[in-house]
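Read the structure below first, then the notes.
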Amino acid sequence: MKPINIRLLAWYDSHARTLPWRVSPGEGRQGVLPDPYHVWLSEVMLQQTTVATVGPYFEKFIAKWPTVKNLAACDLEDVMKAWAGLGYYSRARNLKACADKVASEHDGKFPQTAAELQKLPGIGPYTSAAIAAIAFGERTTVVDGNIERVSTRHTANSTPLPQVKEHCREFMDRVTPADRPGDFVQAMMDLGATICTPRNPACSLCPINDDCQGHIQQIAEQFPVKAPKKPKPTRVGAAFVAQRPDGAIWLTKRPNKGLLGGMSVVPTTGWTASKNGATGYAAAPIVGDWIPHGHIRHTFTHFHLELEVWSAHVNMLPGDGWWSLQHQIGGEALPTVMKKVISAVADDLFKVPK
DNA sequence: AATTCGGGGAA
DNA sequence: TTCCCAGAATT
């Protein structure tokens with residue numbers, strides 16, 4: 001039987017997905033490597049985020065900032081606005097910090113080894129290895145969620161995550177070729193995304209099913225084994241949409257660290273396990289004729305949130321913040337939960353093109 | 001080693 | 001609903 005990398009690369013040459021950050025399949029087969037800036041940007045966006053979600057954001061960023069130097073030259077606030085809705089907002093701040101460092105310390109050229117890349121903000125073990133392999137052809141050992149699934153199934157390894165990750169690394173070190181390492185890791189990831197899927201894997205179509213223990217024993221779907229997850233608690237609070245007579249909405253900025261760090265929000269109460277202290281309009285940032293708009297629900301990584309939504313027409317508010325005019329709101333750095341809140345008051349505000 | 005970070009698509 | 005996604009940083 002041919003080695004795994006031979007079978008996988010042959011499959012990749014005929015089945016590779018065409019994605020915005022990849023070179024064309026024809027170029028790829030001729031050994032053309034993609035732009036490191038594109039690879040880096042896509043890899044950071046793809047951290048815990050699906051290809052379908054990333055696509056439009058990637059296109060928007062490339063159009064707005066064609067090079068890493070362009071990104072370094074812009075304001076962080078513009079990056080936060082462009083990243084709004086994509087989630088995990090520390091990625092956006094690290095993205096900017098990384099661009100600044102590449103521009104100022106490396107003359108706008110990304111380091112070419114995984115070891116050097118990992119010294120940059122927002123680039124960890126996975127992303128450094130992926131960029132080095134895909135953009136520079138280094139024979140690194142890449143392990144992501146797809147590869148964890150493919151490799152644990154191939155070896156029928158029932159060690160639970162995250163301990164099994166080291167075995168996955170050894171598996172990859174054993175099978176990754178020195179020639180076309182970037183295409184190989186992308187082939188592994190495409191395989192995991194399209195055939196070796198979490199549920200109902202299409203084993204009959206898999207190019208490496210002949211020596212896959214998961215397939216042979218008909219137990220592929222049970223890997224990887226994971227520790228049971230904790231239930232998500234629910235937190236509650238109230239949000240206040242203050243509107244000026246001209247329709248502008250009062251926004252404030254979250255601190256740069258923690259949940260929704262650096263993002264723009266309307267004033268809210270604290271988000272607590274249960275209602276405590278002042279609630280409803282009694283907790284509003286200013287006395288006024290607050291009108292109830294029901295509540296919105298939103299789920300974060302580790303808790304559910306239920307927010308009462310209130311609105312009122314006011315002329316001024318205390319504290320730090322600014323009035324955002326209706327035509328500006330779509331361009332603000334608003335996380336999705338805040339778009340839900342504002343939509344509950346003015347449901348047509350985000351239907352206008354940004 | 002555990003926890004904290006968003007959001008959306010699929011089943 | 002639950003799961004999981006081209007994970008990193010922090011504690």
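Numbers restart at 1 for each chain; the letters A, B, ... are given by sequence-line order, proteins then strands.
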N/O donor-acceptor pair, side chain A:T50 with base B:dG9, under 3.5 angstrom: no
No-H, no-angle donor-acceptor pair, A:T299 side chain to B:dG7 base, under 3.5 Å: no
Rounded P spacing from B:dC5 to C:dA6 in Å: 23 Å
Span that lies between the P atom of C:dA8 and that of B:dG8, in whole angstrom: 22 Å
Side chains of A:Y126 and A:E43, donor plus acceptor under 3.5 Å: yes
Exercise: do A:S311 and A:H293 side chains pair donor with acceptor under 3.5 Å: yes
Residue closer to the 5' end of DNA chain C, A:Q118 versus A:I134 (nearest nucleotide): A:I134
Earlier contact from the 5' end, DNA chain C, for A:Q186 and A:K257: A:Q186
Residue mapping more 5' on DNA chain B - nearest nucleotide basis, A:N200 or A:M45: A:M45
Phosphate contact ([N] OP1 or OP2) by [X] side-chain N/O below 4.0 Å:
X      : N     : answer
A:K230 : B:dT3 : yes
A:Q48  : C:dG7 : yes
A:H298 : B:dG7 : yes
A:Y89  : B:dG7 : yes
A:T336 : B:dG7 : yes

Backbone N/O of A:F300 and side chain of A:K232: donor-acceptor pair under 3.5 Å: yes
Which of these nucleotides, [options], is closest to any side-chain atom of [X]?
X      : options              : result
A:Y126 : C:dC4, C:dA8, B:dG8  : C:dA8
A:R199 : C:dA6, B:dG8, B:dA10 : B:dA10
A:P198 : C:dA6, C:dC4, B:dC5  : C:dC4
A:H302 : C:dC5, C:dA6, B:dT4  : B:dT4
A:T127 : B:dG6, C:dG7, C:dA6  : C:dG7
A:V51  : C:dC5, B:dG6, C:dA6  : C:dA6
A:K229 : C:dC4, B:dG6, C:dA6  : C:dC4
A:Q47  : B:dC5, C:dC5, C:dA8  : C:dA8

Reckon [X] touches a base, only the sugar-phosphate, or nothing at all at heavy-atom distances under 4.0 Å?
X      : answer
A:I123 : sugar-phosphate
A:L19  : base
A:G192 : nothing
A:W21  : base
A:P162 : nothing

Just the rounded figure in Å: distance from [atom2] of [N] to [atom1] of [X].
X      : N     : atom1 : atom2 : answer
A:R149 : C:dC3 : CZ    : P     : 15 Å
A:F300 : C:dC3 : CZ    : P     : 20 Å
A:R93  : C:dG7 : CZ    : C1'   : 16 Å
A:L259 : B:dG7 : CG    : P     : 8 Å
A:K340 : B:dG6 : NZ    : C1'   : 10 Å
A:R297 : B:dG7 : CZ    : P     : 16 Å
A:H304 : C:dT1 : NE2   : P     : 7 Å
A:M80  : B:dG6 : CE    : P     : 9 Å

Aromatic ring pairing A:F61/A:W83, orientation class (parallel under 30°, perpendicular over 60°, tilted between): perpendicular
A:E221 and A:R149 ion-paired at < 4.0 Å: no
Sidechain N-carboxylate O distance under 4.0 Å for A:D211, A:R7: yes
Cation-pi geometry met for A:R235 and A:F303 (6.0 Å, 45°): yes
